[in-house]
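Taking it in order: structure first as structure tokens, then the write-up.
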Amino acid sequence: MKIATWNVNSLKIRIEQVMDWLASSQCDILCLQETKLTDENFPADVIKAAGYHVAYSGQKTYNGVAIIAKQPISNVVTDVPGLDDPQRRIMCATVGDIRVLDLYVVNGKEVGTDKYHYKLNWLEKVTDYIADQQQQHENFVVVGDFNIAPEDRDVHNPVSWTDKILCSKPERDALQKIVDLGFTEVFREFDQPEKSFSWWDYRSGGFEKNMGLRIDLILTTEAMTKQCTSCVVDTEPRKLERPSDHAPVVAEFG
DNA sequence: ATGGTGGCGCGGCCA
């Protein structure tokens with residue numbers, strides 16, 4: 001059983017790549033971010049025609065999340081309780097006996113800006129929601145584009161990124177608060193190549209130089225961690241023409 | 001690098 005997260009940076013542009021990847025990866029649950037499509041424009045027909053179930057919560061131009069699954073999707077939540085936010089950044093749903101939370105964490109632009117403070121507040125409210133869901137679901141995974149590199153080894157050039165957006169201490173502390181609820185950032189449970197990243201800037205040939213950050217994460221509760229047999233970044237889609245700037249991250253469960 | 005590229009949508013915002 002495979003669960004994956006992928007920031008596709010526009011599903012309209014990337015739908016063919018997503019369908020191809022679903023088929024080749026044999027993924028069971030795929031959580032998307034940055035679909036950038038309103039719900040009436042979401043390509044649900046294409047996904048359903050390929051035999052998948054899908055749930056989506058989008059808006060025009062920015063943000064947007066969706067879950068594609070081989071099994072039916074139920075009990076879908078698209079708003080953080082206690083957070084009045086028009087931005088479509090979360091989807092919580094049940095697939096089989098697993099509760100899945102798909103997050104598109106706020107980028108934050110630059111440390112100290114309004115967007116940065118919005119990010120930290122958003123993370124606080126989401127953390128409360130994660131704690132709530134964790135109490136109700138033993139098999140619970142939180143995945144997505146966290147827009148936070150957990151440690152310096154997740155950054156191509158940690159010196160130049162020190163205290164910068166995606167790497168600042170308050171952001172890393174906010175991530176740690178979630179982990180401290182009892183989650184495992186499951187990528188680090190396995191041997192990984194050095195300089196493993198999941199996002200590379202389009203600018204200046206970031207991917208070709210492997211100048212990236214690892215900001216797409218999979219967090220698992222203890223029951224799920226025990227079943228997890230691998231977690232990898234699949235860099236293949238990043239090599240295609242007109243790729244997303246993110247690669248999918250895939251965890252396999254026994 | 002106060003710029004570099006890409007997506008949306010047609011100017012400027014966001015990442």
Side-chain angles (χ1 to χ4, degrees), chain A residues 5-21 30-44 46 56-66 83 85-91 102-123 126 143-150 154-168 170-172 174-175 197-217 233 235-249:
Chain A
T5 177
W6 192 5
N7 179 324
V8 289
N9 185 22
S10 169
L11 185 59
K12 187 181 176 183
I13 293 287
R14 231 72 69 188
I15 181 67
E16 219 175 292
Q17 289 186 22
V18 168
M19 298 315 294
D20 288 349
W21 188 81
L30 173 59
C31 297
L32 302 177
Q33 303 88 34
E34 282 206 271
T35 55
K36 298 187 175 179
L37 286 168
T38 56
D39 291 349
E40 54 272 26
N41 289 326
F42 192 91
V46 177
Y56 40 95
S57 172
Q59 67 183 86
K60 199 170 142 80
T61 313
Y62 305 116
N63 309 314
V65 288
L83 186 70
D85 187 0
Q87 301 197 17
R88 302 294 81 198
R89 294 182 175 278
I90 81 149
M91 173 168 285
D102 178 14
L103 300 179
Y104 175 45
V105 174
V106 178
N107 174 286
K109 190 180 169 74
E110 195 183 328
V111 173
T113 60
D114 287 353
K115 289 194 173 77
Y116 181 73
H117 295 298
Y118 164 57
K119 178 179 195 170
L120 294 178
N121 179 60
W122 190 93
L123 281 163
V126 167
V143 313
D145 176 359
F146 279 72
N147 269 319
I148 301 170
D154 302 310
V155 180
H156 67 90
N157 185 347
V159 173
S160 64
W161 281 85
T162 302
D163 296 329
K164 296 289 194 304
I165 197 68
L166 315 184
C167 300
S168 74
E171 291 167 89
R172 285 177 170 173
L175 173 62
F197 307 125
S198 65
W199 169 82
W200 302 261
D201 202 315
Y202 286 125
R203 294 167 285 194
S204 321
F207 182 66
E208 289 70 22
K209 299 174 193 159
N210 196 29
M211 291 170 63
L213 273 67
R214 195 175 67 86
I215 56 178
D216 299 272
L217 310 176
V233 180
T235 54
E236 289 306 315
R238 189 65 177 78
K239 301 171 184 170
L240 299 173
E241 281 200 31
R242 282 194 101 172
S244 167
D245 44 355
H246 295 250
V249 179

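Atom set for the values below is all heavy atoms of this structure, side chains included, hydrogens, waters and symmetry mates excluded. Just so it is clear: chains get the letters A, B, ... in the order the sequence lines come, proteins before strands, and each one is counted from 1.
Ranked by how close their nearest DNA chain B nucleotide is to the 5' end, A:N107 and A:L11 are led by A:L11. Taking for each of A:Q87 and A:R242 the nucleotide of DNA chain B with the nearest heavy atom, the 5'-most of the two is the partner of A:R242.
Looking at the side chain of A:R89, the nearest of the listed nucleotides B:dG4, B:dA15, B:dG9 is B:dA15. Taking only side-chain atoms of A:R203, from C-beta outward, the nucleotide of B:dA15, B:dC13, B:dG9 with the closest atom is B:dA15. For A:I13, taking side-chain heavy atoms from C-beta onward, the closest of the listed nucleotides B:dT5, B:dC14, B:dC8 is B:dC8.
By the 4.5 Å heavy-atom criterion applied to side chains, A:M91 and A:C31 are not counted as neighbours. For the pair A:E171/A:F146, no side-chain contact is recorded, criterion being any heavy-atom separation below 4.5 Å from C-beta on. The side-chain heavy atoms of A:L103 and A:W122, taken from C-beta on, include a pair separated by under 4.5 Å.
Aromatic ring orientation, A:Y56 versus A:F42: parallel (interplanar angle below 30°, classes split at 30° and 60°).
Straight-line distance from the CZ atom of A:R88 to the P atom of B:dC14: 18 Å, rounded to whole Å. Atom CD in A:E208 sits about 13 Å away from atom C1' in B:dG4, given to the nearest Å. Atom CG in A:N9 sits roughly 14 Å away from atom C1' in B:dG9 (whole-Å rounding). Counting to the nearest Å, the P atom of B:dC13 and the CD atom of A:E34 are 18 Å from each other. As a whole-Å value, the separation of A:I148 CD1 from B:dA15 C1' is 16 Å. Distance CZ (A:R14) to P (B:dA15): 16 Å, rounded to an integer number of Å. Atom pair A:W199:CH2 and B:dG7:P shows a separation of 15 Å (rounding to whole Å applied). Rounded to an integer number of Å, the gap from A:Y62 OH to B:dC8 C1' is 7 Å.
With both ends at atom P, the span from B:dG9 to B:dC14 equals 14 Å, rounded to whole Å. Comparing B:dA1 with B:dG11, their P atoms are spaced 33 Å from each other, to the whole Å.
The side chain of A:T61 contributes no N or O atom lying less than 4.0 Å from OP1 or OP2 of B:dC13. Applying the 4.0 Å criterion to OP1 and OP2 of B:dC14, one finds that A:K115 has a side-chain N or O inside that range. Remark: A:K60 is in phosphate contact with B:dG9, judged by side-chain N or O atoms under 4.0 Å from OP1 or OP2.
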- Task: Mind running side-chain contact (heavy atoms from CB on, under 4.5 Å) on A:W200 and A:K209 for me, showing each step along the way?
- Result: CA-CA 9 Å; A:W200 302 261; A:K209 299 174 193 159; over 6 Å; no
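Across all strands shown, A:F207 has no heavy atoms under 4.0 Å from either base or sugar-phosphate atoms.
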